[in-house]
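Reviewing the structure listed below.
Labels below follow one simple rule: chain letters A, B, ... track the order of the sequence lines, proteins then strands, and each chain is numbered from 1.
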Amino acid sequence: MSAIAIKYNDEIVDLVTAEERGIEGEAIELDNSPESLDVLRHSTAHLMAQAIKSLYPDAEFYVGPTVKEGFYYDFKTESEIGEGDLKKIEKQMLSFAKKKYKIEKYEISMEEAKEKFKDDHLKLSVMERIPSDTVSIYKQGEFEDLCRGPHLPSVGLIRYFKLTKIAGAYLGGNSKNEMLTRIYGIAFATKEALKEHMDMMREAEKRDHRKLGNEMKLFTFREEVGAGFAIWLPAGGRLRSRLESLLFKAHRKRGYEPVRGPEMLRSDLWKTSGHYQNYGENMYFTHIDELEFGVKPMNCVGHIKVYEDELHSYRDLPLKYFEYGVVHRHEMTGALHGLFRVREFTQDDAHIFCTVDQIEEQIIEVVDFVDKIMSTFGFEYKMMISTKPEKAVGDAEVWEKSEAALIAAMEAHNLAYTIDEGGGAFYGPKIDIKILDAIGREWQCGTIQLDNNLPERFELEYNGEDNEKIQPVMIHRAILGSFERFIGILTEHYAGEFPMFIAPTQVAIVPVAESHKEYAKLLSDKLIDINADSEIYAKNDSLNKRIRIAEKTRVPMIVVLGDEEIENKTVAIRDRRTREQYNLSEEEFLQLIQTKVNEVNF
RNA sequence: GCCGACAUAGCUCAGUUGGCUAGAGCAGCUGAUUUGUAAUCAGCAGGCCCGGGGUUCAAAUCCUCGUGUCGGCACCA
């Protein structure tokens, strides 16, 4: 196999450019390495543009880069293009690929380029953003495109690709601009790699929590209830309450006090906190007796009122209040997505009131807490520190000090983190925790945020050693983020096969015949005593069928009870995964379940 | 919010270019069967075809306005 490009000083250079510049380097072959795929996908994007141009001659093109999962091209045409047209475009691409057009390159001045693409206002706007005086043009067959490369030597090398999605996208990523059509695709060097990728996509689809949530009866959404409002069904309710009680204990162990603020508060308070001005368009309001109330989008104000309930000494700090706070946020319709993005959700929210000197140790404590939970579920995660944004309140010194405290906490404990410059909240810097799930996707869940703004606005204080009034620091933190999103992620992470300690039902009991129902009920009661839920499959169906149904519910353990078991006081256990069967005495069985249910503590 | 697609029974889906009483499988109910590890048989019931308006002799099907869902974009304190 021959090279498709070379690597020159860490730069990927295509063959035409290498020749033009008279340089040599390590050969890059057409394979599934990241460098090679990048070139391949970029050229596939161009091939797609060529196909689109031939099918829709009025099409104008914006940019067509490669991205993490393939490539896309943004363009515009007067014709309506829908999902059904992707096949047609793919076909055209293949026919061009068969012609094995050489991909040629030449350079022209910016002026010439502007003349050349004068009818393509999108290309012109691309050129606006290029500082250089000359630009390169890549040509394949009749099709020419402004591009800096690198590209394959020939479109004939493009064989294994698929157009995956069609969607709208704002020009330049700005919602004030016009909307273009975007087609996404994927390409690989080999047929096998493409197939593997498509298989993985199908696997991800099978894990989709919306699908599993429906199948497993965890939760539902209903048109008449309203968009973004989840309804928790019994199975989901059981799972959720297990998570809640585990987490409740974990908070108590760490000195958090449970508190609760009201669901809606007078708007005056939201004006004091600044939410009215800064977040008002996402809030739900109601008017009662001439007064305006705002439904809480966050729990901070309630916790501040808890703090204000009594005078505090420096000796009391840190104070940690937590609440499973139900919040409402009017998210934009297009943002809603299963349990991942809803309009009403419950945060595992806490606020820590502490002195400036305590920030570091408090951050560390929270980070440890996070680590405990994430490792229990087998999640890897990343932490990202977001610093002062352009639009920020509070004085610069405090900002610096807070940011330094976050970084110091990370450094002191050798924790890996990245920095998102300017990505903080307007009131303070934060650490975001991003979960990597079983199939490598990232989810933003927990967050730890320093806040000097609210203590200032509400004039919070405590008495210092010399009886002077000092303003405390407030740390907002959530670990799961919200039960909704976290359970959504858990569902996909485990593909619905929840481990015993969190599963909606721990055991499925299948009595062989009518006469064994009584023993089943007895066992079920004993399971409740050890905090395990079970379901008895005693319907008038064949044994095979009931086992099949039990299997399909993804319950972690199935036990079958018949004459033998009753006689010997044993249970026949069927392992879901291996389909193997083995017997345990009732006592051993209960012991096993008890261990498994309690094996986890955060 | 924007671009595009979609909405038929509890669930998953059929339903020709507008044309008879809108179909199937699973789930549900009633029987029969009482089962030893992934679907026993038979019968029954179940629909304002997402909601308003319209076009037409005739609308699940066409138009329109909503609502909701999906794929992205933008948003995400």
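Between B:A45 and B:C6, the distance separating the two C1' atoms is 30 Å to the nearest Å. Taking atom P in both B:C41 and B:C26, one finds a spacing of 9 Å when rounded to whole Å. B:G1 sits 15 Å from B:C65 when the P atoms are compared, rounded to a whole Å. Using C1' as the reference atom, B:A24 and B:U17 are 24 Å apart when rounded to the nearest Å. Nucleotides B:A22 and B:U61 have their P atoms positioned 14 Å apart, rounded to a whole Å. Going from the C1' atom of B:A39 to that of B:C3 covers 45 Å, rounded to whole Å. For the P atom pair drawn from B:U35 and B:C49, the interatomic distance equals 47 Å after rounding to whole Å. Only the C1' atoms considered, B:C2 is 35 Å distant from B:A9, to the nearest whole Å.
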Before you tell me yes or no, could you show the steps for A:Gln449 and A:Tyr427 under side-chain hydrogen bond (donor to acceptor under 3.5 Å, both in side chains), namely the whole-Å CA-CA distance, both residues' side-chain angles and the distance that decides it to 0.1 Å? CA-CA 9 Å; A:Gln449 307 183 353; A:Tyr427 50 75; 2.3 Å; yes
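Considering only side-chain N and O atoms, A:Thr181 lies nowhere under 4.0 angstrom from the phosphate OP1 or OP2 of B:C3. Dashed line: the shortest gap from a side-chain N or O of A:His516 to OP1 or OP2 of B:G36 is not under 4.0 Å. Contact between the side-chain N/O atoms of A:Ser542 and the OP1/OP2 oxygens of B:U40 is found at a separation under 4.0 Å.
Across all strands shown, B:G19 forms a Watson-Crick or G-U wobble pair with B:C57, both key distances being under 3.5 Å. For B:U34, there is no paired nucleotide, since no Watson-Crick or G-U wobble pair has both relevant distances below 3.5 Å. Judged by Watson-Crick or G-U wobble contacts below 3.5 Å, the nucleotide B:C50 has B:G66 as its partner. For B:A74, there is no paired nucleotide, since no Watson-Crick or G-U wobble pair has both relevant distances below 3.5 Å. Nucleotide B:G28 forms a Watson-Crick or G-U wobble pair with B:C44, both donor-acceptor distances falling under 3.5 Å.
Here B:A77 is the nucleotide among B:A77, B:U35, B:U37 with the atom lying nearest to any side-chain atom of A:Met298. Of the candidate nucleotides B:C50, B:U34, B:A38, B:U34 has the atom nearest to the side chain of A:Ala513. Considering only side-chain atoms of A:Asn544, the nucleotide from B:A39, B:A77, B:U33 that sits closest is B:A39. The side chain of A:Lys217 lies closest to B:G10, out of B:C50, B:U35, B:G10. Listed nucleotides B:G68, B:U37, B:A27 differ in distance to A:Lys539; the shortest reach to its side chain belongs to B:A27. The side chain of A:Lys430 has B:A77 as its nearest neighbour among B:U37, B:A77, B:U67. Listed nucleotides B:G71, B:A39, B:G36 differ in distance to A:Ala167; the shortest reach to its side chain belongs to B:G71. Nearest nucleotide to the A:Met179 side chain, out of B:C75, B:A38, B:C2: B:C2. Comparing B:G1, B:U69, B:G71 against the side chain of A:Arg210 picks out B:G71 as the nearest.
Contact annotation: side chain of A:Glu565 to base of B:G36, donor-acceptor pair present below 3.5 Å. Side-chain to base pairing of A:Tyr170 with B:G1: one donor and one acceptor N or O lie within less than 3.5 Å of each other. Remark: the A:Arg329 side chain and the B:C75 base include no donor-acceptor N/O pair separated by less than 3.5 Å. For A:Arg574 and B:A38, a side-chain-to-base donor-acceptor distance below 3.5 Å is present, hydrogens and geometry of angles not being considered.
Nucleic acid contact class of A:Ala227 (heavy atoms, under 4.0 Å, all strands): sugar-phosphate only. A:Leu543 comes within 4.0 angstrom of the backbone, heavy atoms only, and of no base. Note on A:Gln444: nothing from the nucleic acid sits closer than 4.0 angstrom, heavy atoms only. Within the 4.0 angstrom heavy-atom criterion, no nucleotide atom of any strand lies near A:Ala550. Within the nucleic acid shown, A:Gly226 has no heavy atom closer than 4.0 Å to any nucleic acid atom. Within the 4.0 angstrom heavy-atom criterion, base atoms lie near A:Glu514. Residue contacts shown for A:His275 include a base, since a base heavy atom lies under 4.0 Å away.
Here B:U67 presents its C1' atom at 16 Å from CZ of A:Phe221, a figure rounded to the nearest Å. With rounding to whole Å, A:Arg341 atom CZ is found 4 Å from B:C76 atom C1'. Summarising the geometry, the separation between OH on A:Tyr184 and C1' on B:A5 is reported as 16 Å, rounded to the nearest angstrom. Regarding A:Ile166, its CD1 atom lies at a distance of 10 Å from the C1' atom of B:G72, rounded to whole Å. Rounded to whole Å, the distance from CG on A:Asn214 to C1' on B:U69 is 12 Å. Whole-Å rounding puts the A:Lys176 NZ to B:C2 P distance at 15 Å. Summarising the geometry, the separation between CG on A:Asn568 and P on B:G36 is reported as 18 Å, rounded to the nearest angstrom. Remark: C1' of B:C76 and CZ of A:Arg343 are 13 Å apart, rounded to the nearest angstrom.
Using the six-membered ring where Trp is involved, A:Phe219 and A:Trp232 have ring planes that are tilted, between 30° and 60° apart. Relative orientation of the A:Phe229 and A:His328 rings is tilted, given thresholds of 30° and 60° on the angle between their planes. Ring geometry for A:His351 against A:His476 counts as perpendicular: the plane angle is over 60°, on a 0 to 90° scale with 30° as the lower cut. Ring geometry for A:Phe379 versus A:His493: interplanar angle of 30 to 60°, hence tilted.
The residue among A:Asn278 and A:Asp541 whose nearest nucleotide of RNA chain B is located toward the 5' end is A:Asp541. With the nearest nucleotide of RNA chain B identified for both A:Lys545 and A:Arg182, A:Lys545 has the one nearer the 5' end.
Side-chain N or O atoms of A:Thr272 include one that pairs as donor or acceptor with a backbone N or O of A:Asp268 at under 3.5 Å.
B:A77 has A:Tyr279 stacked on its base ring, the centres lying under 5.5 angstrom apart and the planes within 30 degrees of parallel.
Screening residues 198-207 of chain A for side chain to side chain donor-acceptor pair (under 3.5 Å) gives A:Lys195-A:Asp199, A:Asp199-A:Arg202, A:Glu203-A:Arg207 as the qualifying pairs, with residues at least two apart or on separate chains.
With respect to A:Lys521 and A:Glu518, no salt bridge is recorded, no charged nitrogen being found less than 4.0 Å from a carboxylate O. Using a 4.0 Å cut-off between charged nitrogen and carboxylate oxygen, A:Asp74 and A:Arg182 count as a salt-bridge pair.
The six-membered or imidazole ring of A:His337 lies near that of A:Phe340, with a centre-to-centre distance under 6.0 Å.
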